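A short worksheet on the structure shown next.
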Amino acid sequence: MPDTVGLFNLLFPFFGVIALGVLFARLAKVPEAGLAWMQLFLIYLALPCLFFRLISDKPIGELANWRFIAGTTLSTAIAFALSFLAGRLNGLRPPETVLSAVAGSYSNIGYMGPPMILGLLGSAASAPVALIFVFDTIFLFSVTPALMAIAGVERRSALATASDVLRKVFTHPFVVATIVAVLASLLGIRPPAAIDTMIGWLSGASAPCALFLLGVTVALRPVGKLPPEVSWLVLIKLVLHPLIVWLVLATIGGFDPVWVEAAIVMAALPPALNIFVLARQYDTGIERASACVLVGTVVSIATLTGFILLTQSGILPLTPFR
């Protein structure tokens, strides 16, 4: 049986720091523009250093697990399709439907995923965490602009859209850090001690800064009356997505149980802040995106805890179906 006290001690700091971010955002009259430097620090320094450390010391054979990549990416694609359908059934316009699909399928795998799952499962989970981050990001940030172009939001040629997608994906700091880390693993390169210490400091700062920023950002997003489709999107993201991951990976079989549990917990994380960024970029469904992040983060306190208990108690078996 899982250690419930240990689980509380693991999860409380994560949601506690988010709550502190919400509290400070309510009390301190600091303009939202003040978040820019923290975002810069996180996106270009702290989180890339964390991803480098996750991957660079892993054997290249462990990272080239294409069956796992296919299973987790397929699961995200299924959640995306279900969320897209939920948006259409609720009468949303095509651009709003695309962003709803992102809200129901893209987890907070950058800010919350690595520190939470490494705290839960240890360093053995670092490879699956990194693989899910990279390939979910590539999938969603490729599909979203393509569908937006089809919906008529981006009036550019297919070639221009494709080149922009490739540029944004492969120049993203997280993806660049991952590529550098894979090369370091392949070539057996290790940074000098002084550089490695600095990388350690920066990666250690990623979790508290990211969670505090998440709380502040959620608190500053105006949310009025909740759109009816938000409940469906949160249900798909927090309940159906992790169940789909479990079903797909258990059916394929042959994975280390730690990898399967890491994938389930990654899928059970709340919607990512990127949804709001995309909504603002396309000037579409901004209030809906804010509501999904806010409601999803609050509800995930219960659902995420539930999935961790289900996997660690064996109710959700982490081995192939017989």
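Since the model is a prediction, treat every value here as computed from it, not as a measurement. Just so you know, these numbers use all the heavy atoms, side chains as well, and skip hydrogens, waters and symmetry mates. Count residues from 1 along the sequence.
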* **Least distance between heavy atoms, V293 atom then T297 atom** => O-OG1, 2.6 Å
Distance-only donor-acceptor pairs under 3.5 Å for side chains of residues 175-199, two or more places apart:
unit_1: T178; atom_1: OG1; unit_2: F174; atom_2: O; d: 2.8
unit_1: S185; atom_1: OG; unit_2: K58; atom_2: O; d: 2.2
unit_1: R190; atom_1: NH1; unit_2: S56; atom_2: O; d: 3.3
unit_1: T197; atom_1: OG1; unit_2: A193; atom_2: O; d: 3.0

* Flag, side chain of R67 to backbone of G253, donor-acceptor distance under 3.5 Å -> yes
* Got a sec, which residues hit salt bridge (charged side-chain N to carboxylate O under 4.0 Å, His left out) with E261, two or more places apart in sequence or on another chain? -> none
* Asked: What do the steps show when you test F84 against S100 for side-chain contact (heavy atoms from CB on, under 4.5 Å), and what is the final call?
  -> CA-CA 6 Å; F84 188 93; S100 295; over 6 Å; no
* Rounded to the nearest 0.5 Å, what separation is found between the OG atom of S105 and the CD1 atom of I78? -> 11.5 Å
* **I244: which of L74, I264, L82 passes side chain to side chain contact (heavy atoms under 4.5 Å, CB included)** => L82
* To do: May I ask you to test the I308-V265 pair for a side-chain heavy-atom distance under 4.5 Å?
  => yes
* Do the ring planes of F80 and F139 sit parallel (below 30°), tilted (30 to 60°) or perpendicular (above 60°)? -> perpendicular
* All side-chain contact (heavy atoms from CB on, under 4.5 Å) counterparts of L40, not counting sequence neighbours -> W37, Y44
* So, does S107 use its side chain to make a donor-acceptor pair with the main chain of M266 at under 3.5 Å? -> yes
* Asked: Does K237 reach the main-chain N or O of S83 with its side chain, forming a donor-acceptor pair under 3.5 Å?
  -> no
* Okay, side chain of R26, backbone of A219: is any donor-acceptor separation there less than 3.5 Å? -> yes
* Does F15 belong to the same Ile/Leu/Val/Met/Phe/Trp/Tyr cluster as F307, with side-chain heavy atoms less than 4.5 Å apart forming each link? -> yes
* Asked: Between A125 and L118, which heavy-atom pair has the shortest distance, and what is it?
  -> C-CD2, 4.1 Å
* Asked: How about W232 and N90: do any of their side-chain heavy atoms sit closer than 4.5 Å?
  -> yes
* Asked: Can you tell me how far the CG atom of L47 sits from the CZ atom of F52, to the nearest 0.5 Å?
  -> 15.0 Å
* Co-members of L27 in a cluster of I, L, V, M, F, W and Y side chains, linked at under 4.5 Å -> L23
* Heavy-atom closest contact (G71 atom, I252 atom, distance) -> CA-CD1, 3.9 Å
* Asked: Which residues satisfy the salt bridge (charged side-chain N to carboxylate O under 4.0 Å, His left out) test with R93, sequence neighbours excluded?
  -> E96
* Shortest non-hydrogen separation from A291 to V230 and the atoms involved -> CB-CG2, 4.0 Å
* Group every Ile, Leu, Val, Met, Phe, Trp and Tyr by side-chain heavy-atom contacts under 4.5 Å, then state whether I43 and F41 land in the same group. => no
* Asked: Going by distance alone, is a donor N or O of one side chain under 3.5 Å from an acceptor N or O of the other, for T76 and Y106?
  -> no
* Find out whether P317 and W246 are in side-chain contact, i.e. whether some heavy atom of one side chain is under 4.5 Å from a heavy atom of the other. => yes
* Of the non-hydrogen atoms in L121 and V258, which two are nearest, and what is the gap between them? -> CD1-O, 3.8 Å
* To do: Is it possible for you to say whether V143 and L85 belong to one hydrophobic cluster, with membership spreading through side-chain heavy-atom contacts below 4.5 Å?
  => no
* To do: Answer with yes or no whether the hydrophobic clustering places V260 together with L240; edges join I, L, V, M, F, W, Y residues whose side-chain heavy atoms lie under 4.5 Å apart.
  => yes
* Output yes when a side-chain donor or acceptor of T73 lies under 3.5 Å from a complementary backbone atom of A70, and no otherwise. => no
* **Pair T137-I109, side-chain contact (heavy atoms from CB on, under 4.5 Å): steps then yes or no** => CA-CA 9 Å; T137 299; I109 51 179; 4.3 Å; yes
* Asked: Are side-chain heavy atoms of S300 and M112 found at a separation under 4.5 Å?
  -> no
* Structure fact -> The reported gap from OG1 in T97 to CG in L92 (rounded to nearest 0.5 angstrom) is 4.5 Å
* Asked: Could you state the interatomic distance from CH2 (W259) to CZ (F68), rounded to the nearest 0.5 Å?
  -> 6.0 Å
* **Minimum heavy-atom distance between G104 and I236, given as atom pair plus value** => O-CG2, 3.6 Å
* Using links of under 4.5 Å between side-chain heavy atoms of ILVMFWY residues, direct or through other members, which residues join V22 in one cluster? -> none
* **Atom pair CD1 (I275) and SG (C292), whose distance is rounded to the nearest 0.5 Å** => 6.5 Å
* Rounded to the nearest 0.5 Å, how far does CD1 of I138 lie from CD1 of I69? -> 9.0 Å
* May I ask whether L304 and L309 are part of the same hydrophobic cluster, defined by side-chain heavy atoms of I, L, V, M, F, W, Y residues being less than 4.5 angstrom apart, directly or through others? => yes
